[in-house]
Amino acid sequence: MKPAAFTFQRPAELSEALAAYAANPGAKILAGGQSLIPLMSMRLTTVSELIDINGIGELSFIDVSEAGVRFGALARHAELHAHEEARRVQPMLHAALSHVAHATIRNRGTTVGSIVHADASGEMPVVLTLLGGTLTVASTEGRREIAADDLFIGPLETALESGEIAVEAFVPALPARHGIAFDEIARRHGDYALCGLGVVLGLAEDGGIESVRAGYLSVTETPIVVDLTDCFADGIDASSLVAAGEKALEQLEPEGDIHASAEYRAQLARTLTARVITAAHADAKARLDQEAKA
Ligand SMILES: Cc1cc2nc3c(=O)[nH]c(=O)nc-3n(C[C@H](O)[C@H](O)[C@H](O)COP(=O)(O)OP(=O)(O)OC[C@H]3O[C@@H](n4cnc5c(N)ncnc54)[C@H](O)[C@@H]3O)c2cc1C
């Protein structure tokens, strides 16, 4: 199928894009087009005007500092995935991006576009939430920063207001004595996950577990992060891992569809919770060992 007719413009400056968007709030921003164009082509959405931001060079950057990783609206999934410094400072980015779609889609799709698309089956909205990141948006009125916790307000719905373009996102660095892991189950590698999660686990100075936070995808309508720390007060073993899966499920809403039943998704959540927390614990210990040797 072909999309319905639309007008198109490709400004070279952010100020031009913002003015064009302010003049036509019914327009849509085109970034990588990997979600928007299929939706238009299948006529699941119609758009009167596309404002293509791909000509705005200032949106194409990845800046890494010891505080974290800041990336512009035109940073492609593939660029962020391959960025060694970004991986060092916040390894969750690389781990989660490894599961986003297929190489051709990662070459074009943008991580900020994925965040704004706000699909609770997508990896990067939940990663932004899990890491306590922020999204910066601009309009003709100025700029504002939105915390991930305030960003995802409904299925495929964000707190962006009319005329606002997302210009960059920021995720803080992984703190010392912390580890991460990410895993998901999809029918084929690169497909949207039937269920997946990322875990950030912190170790106390005595080696005990200080914090365990898990962000889940495809089992709620909006990105969700569950604090599972309480389950590990007496350390990590088979029973605490089972308890964590059950505790997480109290807050998840796995649903059935043509890809998987609700029961199967719930079982994936249990299995993956144990698997990913175990991996994050091993990662935290390995990083601690490395820090001690350095
Ligand atoms: C076959 C296939 C498989 C995929 N699998 C996965 C997967 O497993 N996991 C996953 O997370 N994603 C997956 N995707 C989606 C992919 O990650 C997209 O790149 C991403 O969802 C959207 O990024 P984009 O840059 O392509 O945005 P676009 O498609 O250009 O835009 C998406 C939406 O966000 C808006 N938007 C984009 N950028 C901005 C901005 N800067 N400011 C304001 N609004 C903006 C657009 O107006 C539009 O509404 C898949 C896509 C395909 C086609």
Side-chain angles (χ1 to χ4, degrees), residues 3 6 8 10-11 14 17-18 20-22 24-42 44-56 58-61 71-81 93 95-129 135-139 143-144 146 151-152 155-169 182-196 198 215 217-218 223 259:
F6 58 88
F8 177 87
R10 195 173 202 258
L14 180 60
L18 293 173
Y21 208 11
N24 182 4
K28 277 272 184 193
I29 300 302
L30 176 69
Q34 299 303 299
S35 295
L36 182 56
I37 299 299
L39 287 172
M40 290 171 64
S41 297
M42 289 186 277
L44 294 171
T45 188
T46 53
V47 173
S48 60
E49 179 169 66
L50 278 185
I51 302 170
D52 180 352
I53 58 172
N54 286 276
I56 306 174
E58 69 181 273
L59 299 180
S60 185
F61 68 90
F71 48 96
L74 288 179
R76 313 287 168 181
H77 293 310
E79 291 168 333
L80 199 51
H81 183 245
L93 290 173
L97 282 163
S98 301
H99 294 273
V100 174
H102 313 276
T104 43
I105 291 158
R106 290 199 296 270
N107 283 342
R108 191 70 191 163
T110 66
T111 305
V112 166
S114 182
I115 290 166
V116 176
H117 190 54
D119 189 337
S121 301
E123 287 78 5
M124 301 323 283
V126 80
V127 162
L128 191 80
T129 311
L135 186 74
T136 301
V137 298
S139 71
R143 288 186 178 221
R144 69 184 178 114
I146 309 172
L151 181 62
F152 303 107
L156 300 175
E157 195 185 352
T158 67
L160 263 72
E161 286 173 5
S162 174
E164 284 185 327
I165 297 179
V167 288
E168 62 184 48
F182 190 101
D183 202 2
E184 65 181 46
I185 303 287
R187 284 200 169 267
R188 293 170 304 185
H189 182 80
D191 282 4
Y192 281 102
L194 300 176
C195 177
L217 44 142
S218 299
H259 304 294

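Whatever order the structure lists them in is the order used to number ligands and atoms, beginning at 1.
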Any idea which protein heavy atom is nearest [atom], and the distance to it?
{"atom": "atom 12 (N) of ligand 1", "value": "Tyr192 OH, 3.3 Å"}
{"atom": "atom 33 (C) of ligand 1", "value": "His117 ND1, 3.8 Å"}
{"atom": "atom 49 (O) of ligand 1", "value": "Lys28 NZ, 3.4 Å"}
{"atom": "atom 52 (C) of ligand 1", "value": "Ile105 CD1, 3.4 Å"}
{"atom": "atom 20 (C) of ligand 1", "value": "Ser35 OG, 3.4 Å"}
{"atom": "atom 26 (O) of ligand 1", "value": "Gln34 N, 2.7 Å"}
{"atom": "atom 9 (N) of ligand 1", "value": "Glu123 OE1, 2.7 Å"}
{"atom": "atom 46 (C) of ligand 1", "value": "Ile29 O, 3.0 Å"}

Which atoms from ligand 1 have a heavy atom of [X] less than 4.0 Å away?
{"X": "Ile165", "answer": "42 (N)"}
{"X": "Ala73", "answer": "41 (N)"}
{"X": "Gly190", "answer": "5 (N), 8 (O)"}
{"X": "Ala166", "answer": "40 (C), 41 (N), 42 (N), 43 (C)"}
{"X": "Gly33", "answer": "24 (P), 26 (O), 27 (O), 28 (P), 29 (O), 30 (O)"}
{"X": "Ile53", "answer": "41 (N)"}
{"X": "Asp191", "answer": "8 (O)"}

With a 4.5 Å limit on heavy-atom distance, are the side chains of [X] and [Y] in contact?
{"X": "Asp191", "Y": "His102", "value": "yes"}
{"X": "Phe71", "Y": "Glu168", "value": "no"}
{"X": "Cys195", "Y": "Glu184", "value": "no"}
{"X": "Leu194", "Y": "Ser218", "value": "no"}
{"X": "Asn107", "Y": "Arg76", "value": "no"}
{"X": "Leu50", "Y": "Ile37", "value": "yes"}
{"X": "Asn54", "Y": "Arg108", "value": "yes"}
{"X": "Ser48", "Y": "Asn24", "value": "yes"}

*Determine, stepwise, if the pair Met40 / Thr46 fulfils side chain to side chain contact (heavy atoms under 4.5 Å, CB included).*
CA-CA 6 Å; Met40 290 171 64; Thr46 53; over 6 Å; no

_Does this structure show an ion pair linking Glu79 with Arg106, if we count only N-O contacts that are shorter than 4.0 Å?_
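No salt bridge links Glu79 with Arg106.
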
*About how many Å separate CG of Leu97 and NE2 of His81, when rounded to the nearest 0.5 Å?*
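Reported value, rounded in 0.5 Å steps: 6.5 Å.
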
Evaluate [X] for polar contact with ligand 1, using N/O atom pairs at a separation under 3.5 Å.
{"X": "Thr110", "value": "yes"}
{"X": "Leu30", "value": "no"}
{"X": "Leu36", "value": "yes"}

Does [X] have a non-hydrogen atom less than 4.0 Å from ligand 1?
{"X": "Val167", "result": "no"}
{"X": "Met124", "result": "no"}
{"X": "Ala193", "result": "no"}
{"X": "His77", "result": "yes"}

*Any chance you could lay out the side chain to side chain contact (heavy atoms under 4.5 Å, CB included) test for Tyr192 and Asp119, step after step, and finish with the verdict?*
CA-CA 10 Å; Tyr192 281 102; Asp119 189 337; 3.9 Å; yes

*asked:* Does either side chain, that of Thr110 or that of His77, offer a donor lying less than 3.5 Å from an acceptor on the other one?
replied: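 No.
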
*Starting from the C-alpha separation in whole Å, work towards a yes-or-no answer on side chain to side chain contact (heavy atoms under 4.5 Å, CB included) for Lys28 and Glu49.*
CA-CA 6 Å; Lys28 277 272 184 193; Glu49 179 169 66; over 6 Å; no

*Which of the listed options, Ala101, Ala96, Ala31, Gly122, holds the heavy atom that is closest to atom 4 (C) of ligand 1?*
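Nearest heavy atom to atom 4 (C) of ligand 1 lies in Ala101.
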
